[in-house]
Amino acid sequence: MELPFEPYRIKMVEKIQRVSREERVRHLIDAGYNVFKVPSEAIYVDLLTDSGTSAMSDHQWAAMLTGDEAYACSKSFADFKNTIQDIFGYKHVIPVHQGRAAEGLLFSVAVPKDSVVPNNIHFDTTRANVEHVGAIALDCVADAGLDPMLEAPFKGDMSLEKLALAFEKYGTERIPFVMLTITNNSGGGQPVSMANAREVSAFCKKMGVPLIFDACRFAENAWFIQQREEGFANMDIKEICRTMFALGDGCTMSAKKDALVNIGGFLCLNDDEMAMNATNLGILREGFPTYGGLAGRDLAAIAQGLREVMDPDYLAYRIGQVARLGNRLTELGVPFLRPTGGHAVYLDARKALPHIPQEEFPAQVFTAAMYLEGGVRGVEIGSLMFDHLDPDTGEMVHPAMELVRLAIPRRVYTHTQLDYVADVCARVMEMGDRLRGLEIVWQPPALRHFTAKLQPVGGGKMVARA
Ligand code: F0G
């Protein structure tokens with residue numbers, strides 16, 4: 001594979017360090033084998049998330065300096081609003097401090113208790129915000145999106161059958177709107193096709209309910225459409241985005257992804273009443289409607305980031321870099337979900353460490369071993385995150401997959417560093433059955449994966465002697 005060409009040169013660098021193996025052992029034990037608790041200065045390559053971890057451009061930093069900090073109606077807000085309307089095309093633009101705040105406002109004003117929100121797959125915070133208002137978050141991704149080894153171009157697509165069944169089962173009056181997450185993060189960062197968005201949109205129109213996009217990675221999704229979907233090869237990215245968003249009635253957005261900034265978000269809506277209610281609630285929770293929990297300079301950097309993210313050279317490099325990591329892993333025999341997504345590679349820990357049963361958290365073991373072996377931080381998406389008791393039988397239910405997500409920050413790491421990551425993964429594979437399972441020694445009542453403390457089963461070391 002050709003090296004994805006970097007459409008930038010580096011103007012400012014941040015020193016990172018490789019701490020010694022002895023120090024990594026100490027950090028891992030102190031952190032209770034939970035990499036969320038390892039200090040970031042002890043991490044060499046940090047692939048915990050692509051959210052809020054982008055490198056900003058010279059133009060974004062320049063925009064930060066000239067940001068207008070007026071409390072009301074700043075010129076930075078005007079730039080923010082105009083840029084968003086130019087791409088997304090929606091009538092109302094409500095700034096918020098990050099994506100989940102947009103979700104919180106939308107669901108608080110438009111999702112009554114006991115209603116049902118279908119989505120291809122809800123991201124965790126989206127699901128949590130739906131459930132917080134007493135509603136049901138329903139995942140309707142097409143079956144292809146649930147098959148980890150299937151190579152298909154649009155595994156984020158929603159199943160129209162599942163969507164129609166939801167309307168039949170719950171009734172249109174219980175469904176305030178339908179959501180479509182582009183790209184589908186919880187399903188491996190897989191894109192949604194324009195054809196599917198059109199079908200979903202037509203169905204929503206027929207049923208008389210709005211369609212709302214979760215637009216965090218909209219430019220990456222548009223890139224996949226341009227590359228993979230018939231009829232779009234000659235359409236530019238902005239036009240693809242506009243075509244997509246014209247199918248909907250609004251969107252939630254975490255600017256921490258495809259607006260190439262470290263904080264920010266927005267909610268867009270066409271409906272006047274919904275927008276007015278969200279704006280009023282936003283004043284309580286986020287701030288005056290022309291800053292929404294952000295500084296003027298943040299708004300300015302978001303506007304500039306949105307203009308930059310649609311550059312085809314940037315997107316070719318960005319998604320090429322993720323695909324290239326996938327190719328390296330394939331060469332080294334490290335198993336992962338197919339195909340690579342827009343922002344991340346998801347390693348298959350059950351295949352990598354078949355000797356560790358799900359009770360002993362194989363994906364967490366792989367994650368901890370990556371840190372131990374090379375100072376690389378990924379994130380477990382497996383039984384530590386998703387185990388739960390069946391409400392009927394009281395038995396423990398494990399998730400279908402044990403994954404380790406390697407999310408690639410935008411414009412941050414070089415090809416060399418990602419090659420290094422692939423080598424570290426291969427070395428963890430080589431450790432094989434010398435790696436022992438983990439058990440929980442302490443956990444909080446909810447969202448345990450963030451803070452739980454673990455130890456090797458029965459105590460001792462995680463890596464047995466050869
Ligand atoms: N929707 C999707 C699809 C996301 O991936 C995220 C965040 C959010 C909403 C919430 O946005 O963090 O700005 O409040 N995803 C991050 C991740 C945290 O690591 O995947 P936020």
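Note that these values count all heavy atoms, side chains included, but never hydrogens, waters or copies made by symmetry. Each ligand, and each atom within it, is numbered from 1 in the order the structure gives. Source: prediction; values computed, not measured.
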inquiry  = Suppose we measure from atom 10 (C) of ligand 1 to each protein heavy atom; which comes out shortest, and what is that distance?
reply    = Thr125 OG1, 3.4 Å
query = How far is atom 21 (P) of ligand 1 from its nearest protein heavy atom, and which residue and atom name does that atom have?
reply = Gln98 NE2, 3.3 Å
Residue that, paired with Asp258, satisfies side chain to side chain donor-acceptor pair (under 3.5 Å) out of His343, Arg217, Arg318, Arg410 = Arg410
ask   = For ligand 1, which atoms sit closer than 4.0 Å to a heavy atom of Thr49?
value = 17 (C), 19 (O)
query = Which protein non-hydrogen atom lies closest to atom 18 (C) of ligand 1, naming both residue and atom, and how far is it?
reply = Phe123 CZ, 3.8 Å
message = How about CD on Glu273, more than 12 heavy atoms from neighbouring residues, nucleotides or ligands closer than 6.0 Å, or not?
response = no
request  = Please name all residues satisfying side chain to side chain contact (heavy atoms under 4.5 Å, CB included) with Ile87, sequence neighbours left out, ordered by chain then number.
outcome  = Thr83, Phe218, Cys241, Leu306, Met310
inquiry  = Any heavy atom of Cys216 closer to ligand 1 than 4.0 angstrom?
reply    = yes
ask   = How far is atom 13 (O) of ligand 1 from its nearest protein heavy atom, and which residue and atom is that?
value = Ser254 OG, 2.7 Å
query = Nearest protein heavy atom to atom 14 (O) of ligand 1, by residue and atom, and its distance?
reply = Arg100 NE, 2.6 Å
message = If the cut-off is 4.0 Å to any non-hydrogen atom of Gly99, which atoms of ligand 1 fall inside it?
response = 11 (O), 13 (O), 14 (O), 21 (P)
Cation-aromatic face contact Arg338/Phe336, 6.0 Å, 45 degrees = yes
inquiry  = At under 4.0 Å between heavy atoms, is it the side chain or the backbone of Arg405 that contacts ligand 1, or both, or neither?
reply    = side chain
key: Aromatic centroids of Tyr291 and Phe77 separated by under 6.0 Å   = no
query = What atoms of ligand 1 come closer than 4.0 angstrom to any heavy atom of Thr181?
reply = 3 (C)
inquiry  = Minimum distance, heavy atoms only, to atom 11 (O) of ligand 1: which one of Lys257, Arg217, Lys256 is it?
reply    = Lys257
inquiry  = Is the distance from the ring center of Phe213 to that of Phe245 below 6.0 Å?
reply    = yes
query = Taking the six-membered ring of Tyr371, is NZ or CZ of Arg377 closer than 6.0 Å to its centre and within 45° of its axis?
reply = no
query = Do Phe88 and Phe266 have ring centroids that are under 6.0 Å from one another?
reply = yes
task = Kindly confirm or rule out an N or O of Asp214 lying under 3.5 angstrom from an N or O of ligand 1.
result = yes
message = Could you check whether Phe167 and Phe203 have their ring centres less than 6.0 Å apart?
response = yes
ask   = Among protein heavy atoms, which sits nearest to atom 9 (C) of ligand 1, and what does the distance come to when rounded to 0.1 Å?
value = Glu103 OE2, 3.1 Å
